[in-house]
Amino acid sequence: MSSQEKLLEIKNLKQHFKVGKSTVKAVDGLTFDIYKGETFGLVGESGCGKSTTGRTIIRLYDATDGEVRFNGEDVHGKKSAKELKKFNQKMQMIFQDPYASLNPRMTVSDIIAEGIDIHGLSTSKKARMDKVVELLETVGLNKEHANRYPHEFSGGQRQRIGIARALAVDPEFIIADEPISALDVSIQAQVVNLMKKLQREKGLTYLFIAHDLSMVKYISDRIGVMYRGQIVELAESEELYRNPLHPYTQSLLSAIPLPDPEYERSRKRKVYDPEKHLPKDGEERVLREVMEGHWIACTEEEYQKYQVTV
Amino acid sequence: MEKILEVNDLHVSFDTFAGEVQAVRGVNFHLNKGETLAIVGESGSGKSVTSKAVMRLIPNPPGRIKEGEIKFGDRDLAQLSEKEMQKIRGSEISMIFQDPMTSLNPTMTIGKQIMEGLVKHQNMSKSEAKERAIELLKLVGIPNAEGRINEFPHQFSGGMRQRVVIAIALACNPRVLIADEPTTALDVTIQAQILELLNDLQEKMGTSIIFITHDLGVVANIADRVAVMYAGKIVETGTVDEIFYNPQHPYTWGLLGSMPSLDSTDEELIAIPGSPPDLLDPPKGDAFAPRNPYAMKIDTEMEPPLFKISDTHYAATWLLHEKAPKVEPPAAIKKRMQGMAPSEPIIGAKDGGKNV
């Protein structure tokens, strides 16, 4: 990374949901930083809490405990409407389902300009329309599309509209929650290429949440692997794929089928059994840095072992 | 090799208010005994409609099989009556669907759902059927089968539910199993388990499988042969090695190029520009031409026939015509073709396996 300036600091973030009498610990003590201009990938299987993490960071849920600092400022906690508005402008979200995330009764121009209106970013009707057209062109649509409704578009085009909406208020940070899972393979590549291009041009920072590990590896600078509400391993994406240390990461990586029959014939899957991986004496695992930039959830004893193998 | 199923010139259309949607426009393929044929393509390419047509599950109206024959043994499935078809469905050809929650009946125990077909098709008594159901549950790897047979679908996880669906599909020892995106709704580790199970069962029972998916990684894992579909037609077909290491159709190039490989670093993904054509009014000539950077003038006028590359490998693109100019496939595809450059094994495969 060119700069190591922290844009987002997450400390011991917790999100617990009450379900009847019991509590579901969807996110249970996350700590990580996201640097300016990077793409941070968050992967894990369904139910591991990755989406909840994204939604909690952007305050769609109130955190149960912990701290989220954006540009050094605490995001959660009591805020005035004015402070919130300022924050909302800087952080935007792209959702998974491009069919459910666009209001079917609004035209594309109103969908995109909603943020512009709320934040009072344009002075006249013409300026507003110019901005919409500019955004449409940025994401590869054109100005004829502005007065149409979402149902007139294909999935890939809708996702582009969702991206244009997120960009409308000039955010610094975008949370993309499975932005390509609902799209066809060839369209996925279009959207990923677009997101990469926008990042280069506008210096955006992404939190990219997905379960498709090969896409995450492709787009991310660093990746955190989540399991049962916690990050079990965090490293630069090359490093994570070359040298996965946590048994869960290893099992996850060895389960991905690759478009290469020769490799598939020899692939051996590793199975992760959490029962066999219980720490001795009930010691809790915490994230420790075993080498520069490579963090892994481990006990003190395991930490020593990793140090030796590394 | 014995052909167990043969589809010739299949056309399926849906009559809508807007007009006739030609979902499948002349598909030919066959399925050999004991093999897995993967049908790949984007949504709307007609892969699911093709498989449903084989099962005669196209709702009529609005859908209809316009033309073509589906030869299964000495019968033509396209001509059978609904009553005759019911005898085949579930006993000789059966199907696994994408979403295990909606394909199971939430109000029936899974035992009953497995026994249903056995009682109906094989005239088993209830107690015989129950015994067989327990056997099947063990076969698909559900622990404590005797106890779980009386449970309802909601008491199972997604992966376990899909195992139950597979048990139902296999109950009557079908000769052909059609799996329509059976792992798409599942997590990677669960997907891996289900694929292993299907491979395993095929070895044990010799079932022929038609596997429909859009995930090329899954195809590489499970298929013996591959058919690539686009806009209601098969544009390329061949053995799994031919499709992955010597692809000829620009659409196949696009599909392979749009997936990032794990060992590659910063190469730009080859996105296929635009989106699939509207099958209400299919374009003249090659349906892929508007999205094809290699398109020639003839592509907009005449549909390409299937050109033969080897006895098993065919592709429908004018680029293979003797008078066509030689084109360079994209870099990522060339890498595949040269020495078939298999990816560096990531983990697990390092030591074991039969690395050639």
Side-chain angles (χ1 to χ4, degrees), chain A residues 43-48 140 153-157 181-194 196-197 211-219 237-238 240-245 248-272, chain B residues 42-44 158 186-193 195-196 214-223 240-241 243-245 251 254-266 268-273 275-276 291 336 340-356:
Chain A
V43 292
E45 296 184 89
S46 42
C48 72
F153 295 89
S154 67
Q157 286 174 317
S181 318
L183 309 174
D184 270 317
V185 205
S186 70
I187 311 294
Q188 283 186 358
Q190 288 178 12
V191 172
V192 165
N193 283 346
L194 172 67
K196 275 204 145 180
K197 185 185 118 209
H211 67 268
D212 177 347
L213 289 110
S214 42
M215 244 346 156
V216 174
K217 148 119 196 305
Y218 177 74
I219 196 169
S237 47
E238 268 311 312
L240 187 81
Y241 279 82
R242 282 203 190 288
N243 188 21
L245 292 175
Y248 179 69
T249 315
Q250 294 179 348
S251 89
L252 208 55
L253 283 175
S254 71
I256 314 172
L258 294 185
D260 184 342
E262 203 61 60
Y263 166 77
E264 280 304 310
R265 278 168 209 141
S266 61
R267 179 165 61 91
K268 284 251 158 58
R269 190 161 66 85
K270 288 195 173 177
V271 180
Y272 177 61
Chain B
E42 295 176 76
S43 37
L186 307 173
D187 276 318
V188 270
T189 49
I190 311 296
Q191 164 173 292
Q193 290 170 16
L195 292 179
E196 276 162 23
H214 63 267
D215 186 334
L216 291 166
V218 172
V219 175
N221 178 282
I222 201 161
V240 70
D241 285 348
I243 297 293
F244 281 88
Y245 300 130
Y251 179 64
L255 277 187
L256 286 166
S258 56
M259 272 188 90
S261 57
L262 280 179
D263 61 333
S264 69
T265 39
D266 254 348
E268 176 100 340
L269 295 181
I270 318 167
I272 305 176
S275 45
R291 303 175 75 189
R336 282 181 175 276
M340 323 209 303
S343 319
E344 188 185 312
I346 302 178
I347 32 169
K350 268 178 198 158
D351 33 347
K354 37 177 182 164
N355 248 326
V356 188

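Because the structure is predicted, anything quoted here is derived from the model rather than measured. Numbered from 1 within each chain, the chains take letters A, B, ... in sequence-line order.
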| Counterpart residues, side-chain hydrogen bond (donor to acceptor under 3.5 Å, both in side chains), relative to A:Ser237 (two or more places apart) |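 With neighbours one apart ignored, the set is empty.
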| query | Sequence neighbours excluded, which residues qualify as side-chain hydrogen bond (donor to acceptor under 3.5 Å, both in side chains) partners of B:Thr189? | reply |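 For B:Thr189 the side-chain hydrogen bond (donor to acceptor under 3.5 Å, both in side chains) partners, ignoring immediate neighbours, are A:Glu45.
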| task | Could you tell me which of B:Pro276, B:Ala223, B:Ala220 has the largest number of non-hydrogen atom pairs under 4.5 Å with chain A? | result |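 Most heavy-atom pairs within the cutoff with chain A belong to B:Ala220.
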| message | I'd like to know which of B:His214, B:Gln191, B:Gln193 tops the heavy-atom pair count under 4.5 Å against chain A. | response |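 Result: the option with the highest number of such pairs is B:Gln193.
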| said: For A:Gln188, which atoms come within 4.5 Å of any heavy atom of chain B: side chain, backbone, both, or neither? | reply: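 No part of A:Gln188 comes within 4.5 Å of chain B.
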| task | Measure A:Val192 against the heavy atoms of chain B and call it side chain, backbone, both or neither at under 4.5 Å. | result |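 Answer is side chain: those atoms of A:Val192 sit under 4.5 Å from chain B.
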| Do A:His211 and A:Leu252 come within less than 4.5 Å of each other through their side chains, counting heavy atoms only? |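 A:His211 does not reach A:Leu252 side chain to side chain.
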| message | Looking at B:Leu195, is its backbone amide N or carbonyl O close enough to the side chain of B:Asn221 to form a donor-acceptor pair, meaning the two atoms are under 3.5 Å apart? | response |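 No.
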| chain A heavy atoms under 4.5 Å from B:Val188: which part of the residue, side chain, backbone, both or neither? |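 Both backbone and side chain of B:Val188 come within 4.5 Å of chain A.
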| request: Could you tell me whether A:Lys196 sits above the aromatic face of A:Tyr218, with NZ or CZ closer than 6.0 angstrom to the six-membered ring centre and within 45 degrees of the axis? | output: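 A:Lys196 over A:Tyr218 ring: yes.
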